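Predicted model, so just to flag it, every value in this text is computed and none were measured. Residue numbering restarts at 1 for every chain, and letters A, B, ... go by the order of the sequence lines.
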Amino acid sequence: MEEIAPEYDVVVLGTGLTECVLSGVLSVKGKKVLHIDRNDHYGGEAASVNIEALFKKYGNYNAGEEPWKKYGRVNDWNIDLIPKLLMSNGELTNILVSTDVTRYLEFKQIAGSYVQQGNGPKATVAKVPSDAGEALRSPLMGIFEKRRAKKFFEWVGNFKEDDPVTHNGLNLNTCTMKEVYDKFGLEATTRDFIGHSMALYLTDEYINEKGAAKEAVIRIRLYANSMARYGKSPYIYPLYGLGELPQGFARLSAIYGGTYMLNTSIDEILYDGTKASGIRATMKERGEEGDGMKFTTKAKKIIGDPSYFPGKVQVVGHVLRAICILNHPVTSTDNSDSAQIIIPQSQVGRKNDIYIAVVSSAHNVCPRGYYIAIVSTIAERTSNHHVELQAGFDRLGKVEEMFLGPPIPLYEPLESGVNDNIFISKSYDATSHFETTTDDVKDIYRRAEGQELVVEGLREGQNLVGEE
Amino acid sequence: MAARVPASARAGGARFAQFKLVLLGESAVGKSSLVLRFVKDQFDDYRESTIGAAFLTQTIALDENTTVKFEIWDTAGQERYKSLAPMYYRNANCAVVVYDISQAQSLDKAKAWVKELQRQANENIVIALAGNKLDLVTENPSKRAIQTEDAETYAKEAGLLFFETSAKTSENVRELFTEIAKKLPLDQAGPRNIRSGPRAGVDLRPEASGTQGAGACSC
């Protein structure tokens, strides 16, 4: 086995998406990267697993039983542990394109984006209108409200930050979104679906925050532009599951010289005074005899996910996620092979929205005839968590198998990393997309490298051996 | 553009098919050199470990009417610490497993890779075993550490194509890839448009966007 280099520019711990994007970008920029994961697979928390691994992870079966056997070949399943979708015009799409990682992946549209109005048996689920024309056809609004919504969407579409004429007399840098909604005379239910299913806010806190209007308008524009790109929904999804994303970026990093080691546990972070200066680690495959391969190497910087630095992170909230296997499409989604359904908090008496993400065999994540629906929300109470997700379960109909564990803690780093050379990512949050993940990538890059990450033209000027 | 399933097309009796080929084998047996010889007809004695030879394509004309295009995936060094991702094996139609005929251990490693392929890849994947660095042995027969018959016997038992090759002199390199092409299921692939390839999903590149590009709002 080849020797590990005595020193790396960056050691990256964990192969979640955030870490793999950073590893890839840093390798492309010429940094010498060593990328390590304690697991025997890529992806960490952002992996997709087969159905046997899922049963074993949740342990929801009796000893001696093998319940996965009734679900066909286990490897036909690629079940995401974290439900997220890509905005087709979002930043992750930009990064995928500018790094050419698109070569290794294939994407499909999510067939529809839906929002719920009302609660219980009377609830209606309808497509989220994303432009003036759709607003006029939407069952979510009455006839007069439709016209007001049309005017609002037209204004959002024409809005240009540097052209005050398009601002309609509003100063978005100082005003609240409430003032914007008031100006267009929008009803509460309309505000609800715009804020929650288009701007994708999880709570209503954005409404009264001064100066938050601009961010809200930018979010609505991202939704509308993403929607316009392919037509069915603003979301796209990689075939074989989200776990393909970290693998794709890991390959990018490797192509540019990054070294990969799975099955490697960190025995110690080495310090030089207060600053991290290297690692002591052991590579040992599961079931391998002996002590494995022990090594020490220096690192100018260490980047990693929260699980590698339990003393340097704090819990900022808990997410509830229930992974459900169905053998039918979700009702009210026009028999779609995939969908996102958002249940705004106000509709079901909660503070946080409930999200449902549905994918199926159309995305090569399960055998034909099956559907995987993940219901999620932010935990608001300390027990009976299934009750918090009930409004989501009500949408699903018959469920073949449900995987619901304890609330999942969300971690954030306590420090920026400037003082100890350790740059820690955030957990994957409760949002339905990857925009906050790419924000975190950029934030870590800024903290670690002292400059902004420019995504456009990332690979320009890089010479690769024998590339077409 | 990546081949997920073999794509083939017929136009006036001509056949065209595209296949994903993956390389496997221990470090420093000459995986990248074999591909570089095949694709660019080049050889570099002092090639460093693979950086950047990650995605190459080469076309072989089997006969006047039949063209096979290989989309070749290099390990990018991820095999070094057994960290190849499932993505690497996914939808591979064929594989070249390489060993070094001057290194006794390397055939055992190659056998392990064949097992890994059988575990991770498609059932009907076409596998070729290549004993590389034939030039070293031609120059100095005492350098041979693995007898041709031993490797050949194993290849037969395991149902693999078998060649001893030299990326340096190009001996048997083209033959290796041609035999693989002949064994691929050219007829199973349905007729498709030659240019558009097999992609059924959406194309992320901004210029490929069917409707409006970034920045345009449909409102």
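- Residues B:A76 and A:R251 share a closest heavy-atom pair of CB-NH1, 4.2 Å.
- Considering only heavy atoms from C-beta on, B:L204 comes within 4.5 Å of A:I236 through its side chain.
- Heavy-atom neighbours of A:R147 CZ from other residues, nucleotides or ligands within 6.0 Å: at or below the threshold of 12.
- More than 12 heavy atoms of other residues, nucleotides or ligands sit less than 6.0 Å from atom CD of A:E285.
- No side-chain heavy atom of B:Q120 sits less than 4.5 Å from a side-chain heavy atom of A:N75.
- Between the A:Q247 side chain and the B:A85 main chain, no donor and acceptor come within less than 3.5 Å of each other.
- In terms of modelled atom types and a separation under 3.5 Å, the side chain of A:Y42 and the main chain of B:S83 share a donor-acceptor contact.
- No more than 12 heavy atoms of other residues, nucleotides or ligands lie within 6.0 Å of NZ in A:K150, so this atom counts as exposed by the packing criterion.
- Smallest separation of non-hydrogen atoms from A:Y230 and B:D203: OH-O, 2.8 Å.
- Partners of A:Y237 by ring-ring contact (aromatic ring centres under 6.0 Å, His included), not counting sequence neighbours, listed by chain and number: A:H363.
- The number of heavy-atom neighbours closer than 6.0 Å to CD of B:Q118, taken from other residues, nucleotides and ligands shown, is above 12.
- A distance-only check finds no donor-acceptor pair linking the side chain of A:Y260 to the backbone of B:R80 [under 3.5 Å].
- Contact record, B:E123 with A:R73: OE2-NH1, 3.7 Å, taken as the closest heavy-atom pair.
- Residues forming a side chain to side chain contact (heavy atoms under 4.5 Å, CB included) with A:E91 (at least two apart in sequence, or on another chain): A:N94, A:I95, A:E435, A:T438, A:K442, A:V455.
- Taken from CZ in B:R90 to CG in A:N364, the straight-line distance is 8.5 Å, to the nearest 0.5 Å.
- In this structure, the portion of A:T259 lying under 4.5 Å from any heavy atom of chain B is its side chain and not its backbone.
- No more than 12 heavy atoms of other residues, nucleotides or ligands lie within 6.0 Å of NZ in B:K115, so this atom counts as exposed by the packing criterion.
- Atom NZ of A:K151 has 12 or fewer neighbouring heavy atoms from other residues, nucleotides or ligands inside a 6.0 Å radius.
- Nearest heavy-atom pair, A:G248 versus B:M87, reported as atom, atom and distance to 0.1 Å: N-CE, 3.7 Å.
- Residue A:E134: no heavy atom, backbone or side chain, is found under 4.5 Å from chain B.
- The two residues B:G201 and A:K108 make their nearest non-hydrogen contact at CA-CG, 4.2 Å.
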